[in-house]
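This structure is a prediction, so every number in the text was calculated from the model and none was measured. Note that ligands are numbered from 1 as they come in the structure, with each ligand's atoms numbered from 1 the same way.
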Amino acid sequence: MDKFVIEGGRPLTGEVTVSGAKNAVLPILAATLLSSEPYRLFGVPDVRDVATMRQLLRSIGATVSDEGVEVRQIVHCGAPYEWVKTLRAAILVLGPLLARCGEAHVSLPGGCAIGARPVGWHLDALKRMGAEIALEHGIIHAKAARLHGARIDFERVTVTGTENIMMAAALAEGTTVLHNAACEPEVVDLAHFLIQCGAKIQGAGGARITIEGVPRLGGASYRVIPDRIEAATLLIAGAMTQGDLFVRGARVEHLASVIAALGKAGVPITMRDEGMHVRGGGALDAMGLETAPYPDFPTDVGPQMMVLMSRARGISTLHETIFEGRFSHVPELVRMGANIQIEGHRATITGVPRLSGANVMASDLRAGAALMLAGLAAEGHTELSRVYHVDRGYERIEEKLSAVGAHIQRVKA
Ligand code: EPZ
């Protein structure tokens with residue numbers, strides 16, 4: 001298992017480019033199962049989760065290259081545990097397979113580092129659309145001669161739940177209306193992709209989405225949106241290292257809550273064409289923050305924001321409202337000198353003058369990203385192990401950071 005070796009304290013200066021959004025590509029790759037037409041996708045990041053999803057599509061019968069996907073025929077209507085245990089987002093093939101083949105056999109995703117992450121709302125919605133669902137030996141067995149439209153009221157916002165049902169509804173008989181739908185930009189990107197393929201979808205980006213089923217979908221050539229979570233991670237890295245960094249590709253409309261939070265922390269972000277500029281160096285101010293579904297502050301940037309708060313003057317708080325296990329990086333951050341108390345889903349962060357380098361371990365994707373940021377800002381030497389977690393969602397991140405002044409090296413195990 002590779003590790004990152006980091007010499008901290010070097011300001012990030014210059015320009016770095018954001019890759020395509022992993023969490024937009026994953027549902028869009030699943031959506032290619034809905035038709036036998038060819039697809040071309042651009043801006044796809046070279047990250048582990050995308051590689052795993054491509055492998056899964058191949059096992060289902062797709063021909064997949066770096067830019068193209070074609071699912072002329074389905075040879076296996078499902079996603080066995082071997083794929084799902086490393087990629088929870090494999091659940092996204094459930095809706096498309098059911099819509100395309102009338103059946104799907106997808107392993108129940110287990111929990112993961114950040115929580116139990118059940119998928120009951122996905123299954124309830126498919127049942128309302130006429131699917132018969134049975135759970136046996138950890139596998140979801142779903143059957144539906146033809147799905148029909150339904151009114152779906154999601155108990156709470158679910159991103160992949162919204163995406164799964166949107167895809168299933170695209171080919172269903174009649175109209176489906178989703179209430180309390182997720183509004184994330186990645187949901188909107190999937191909707192735009194499906195519309196380009198001939199789907200009839202209205203309201204994506206809002207809490208109420210209407211999908212009118214069509215008999216079949218065509219192919220498409222599509223460029224995915226930039227990764228707002230990577231952009232936020234890079235902006236925080238620039239702030240933490242007293243840097244002067246331009247993040248090319250970051251979109252203001254996707255990052256309003258992050259820009260507002262950074263502003264409150266004393267980190268002004270200036271918008272320029274094609275990206276955002278962050279200049280660190282000023283004193284950091286403590287603040288209170290709560291994660292919530294889009295457009296509020298994203299849970300996927302909570303760990304990284306906590307690292308910034310650990311250097312702010314005063315006492316900050318972070319209330320994580322989405323996942324029960326989003327604090328796995330905290331004990332490691334404390335070993336680097338941070339002063340953080342956890343009580344349930346709330347963290348209280350008392351600012352310290354400095355962080356010090358240490359040997360630490362990543363336990364999930366965003367916890368790993370947070371510890372990487374801490375290493376960049378800390379005094380001295382940090383070794384971050386199990387960076388395969390970071391590689392799931394960040395494309396060649398050590399090369400990007402080195403190119404703007406960081407001393408970070410990947411040491412192959
Ligand atoms: C998506 O996960 C993202 N993954 C996550 O990003 C992100 O953190 C999350 O949305 C929240 O924004 C992808 O898009 C591939 P949810 P998802 O369904 O869809 C509960 C990353 O770091 N819930 O919106 O799995 C669930 O347990 C990843 O890139 C149920 O109880 O999240 C959670 O508490 C991590 N039953 C909450 O809802 C269900 O049927 C929100 O989960 C579904 C969800």
Does ligand 1 come near enough to Leu26 that some N or O of the ligand is less than 3.5 Å from an N or O of the residue? no

Give me the ring orientation class for Tyr39 and Phe193: parallel if the planes are under 30° apart, tilted from 30 to 60°, perpendicular past 60°. tilted

Got the closest protein heavy atom to atom 11 (C) of ligand 1, with its distance? Thr299 CG2, 3.9 Å

Where do Thr291 and Asp296 land on the side chain to side chain contact (heavy atoms under 4.5 Å, CB included) test, with the steps shown first? CA-CA 7 Å; Thr291 65; Asp296 292 336; over 6 Å; no

Please check whether Thr158 reaches ligand 1 - meaning an N/O of the residue sits under 3.5 Å from an N/O of the ligand, judged on distance alone. yes

Ligand 1 to Gly161 polar contact by distance, N or O atoms, under 3.5 Å: no

Which residue owns the protein heavy atom closest to atom 26 (C) of ligand 1, what's the atom, and how far is it? Phe323 CE2, 4.2 Å

Could you identify the single nearest non-hydrogen protein atom to atom 25 (O) of ligand 1 and state the distance to 0.1 Å? Arg117 NH2, 3.0 Å

Do the charged groups of Arg48 and Asp391 touch, with an N to O distance under 4.0 Å? no

Which of the atoms in ligand 1, numbered in the order shown and given with their element, are less than 4.0 Å from a heavy-atom of Arg156? 34 (O), 37 (C), 38 (O)

Within a radius of less than 6.0 Å around CD of Gln409, do more than 12 heavy atoms belonging to other residues, nucleotides or ligands occur? no

Heteroatom distance test (Thr160, ligand 1): nitrogen or oxygen, under 3.5 angstrom: yes

Considering non-hydrogen atoms of the protein only, which is the closest contact for atom 40 (O) of ligand 1, and what is the distance? Trp121 N, 2.8 Å

Looking at Val157, which atoms of ligand 1 are within less than 4.0 Å of one of its heavy atoms? 24 (O), 41 (C)

State whether the side chain of Ser35 and the backbone N or O of Leu217 hold a donor-acceptor pair below 3.5 Å, judged by distance alone. yes

Look up atom CD1 in Ile6 and atom CG in Leu373, then write down how far apart they are to the nearest 0.5 Å. 9.0 Å

Does the salt bridge (charged side-chain N to carboxylate O under 4.0 Å, His left out) test come out yes or no for Lys22 and Glu186, once each step is laid out? CA-CA 9 Å; Lys22 157 180 92 83; Glu186 294 76 24; over 6 Å; no

Which protein heavy atom lies closest to atom 34 (O) of ligand 1, and at what distance to 0.1 Å? Ile322 O, 2.6 Å

With rounding to the nearest 0.5 Å, note down the distance linking OG1 in Thr382 to CG in Asn359. 8.0 Å

Any donor-acceptor pair under 3.5 Å from Asp153 side chain to His179 backbone: no

Check: Arg410 side chain, Asp2 main-chain N or O, donor-acceptor pair, under 3.5 Å: no

Where ligand 1 meets Arg366 - atom numbers and elements under 4.0 angstrom, heavy-atom basis: 21 (C), 22 (O), 29 (O)

Electrostatic pair Glu67-Arg40, nearest N-O below 4.0 angstrom: yes

In this structure, atom 6 (O) of ligand 1 is nearest to the protein heavy atom Asp300 OD2, 3.1 Å

Could you tell me if the side chain of Glu290 sits less than 4.5 Å from the side chain of Thr321, heavy atoms only? yes

Provide, to 0.1 Å, the distance between atom 31 (O) of ligand 1 and the closest protein heavy atom, together with that atom's residue and name. Pro118 CG, 3.3 Å

Is the closest N or O pair between Asn23 and ligand 1 shorter than 3.5 Å? yes

What atoms of ligand 1 come within less than 4.0 Å of a heavy atom belonging to Ile114? 35 (C)

If you measure from each heavy atom of Gly115 to ligand 1, is any distance below 4.0 Å? no

Pairs of nitrogen or oxygen atoms closer than 3.5 Å, one from Lys22 and one from ligand 1: do any exist? yes

For Glu70 and Thr63, test the side chains for any donor-to-acceptor distance below 3.5 angstrom and give the result as yes or no. no

Can you tell me if Ile229 has a non-hydrogen atom under 4.0 Å from ligand 1? no

Suppose I only count heavy atoms of Val119 and a 4.0 Å limit; which atoms of ligand 1 are within that range? 39 (C), 40 (O)

Under 4.0 Å from any heavy atom of His122, which atoms of ligand 1 are there? 40 (O)

Decide whether an N or O pair under 3.5 Å exists between Val159 and ligand 1. yes

Under a plain distance cut-off of 3.5 Å, with no hydrogens placed, do Trp121 and Glu155 share a side-chain donor-acceptor pair? yes

Strictly under 4.0 Å, does any heavy atom of Arg326 approach an atom of ligand 1? yes

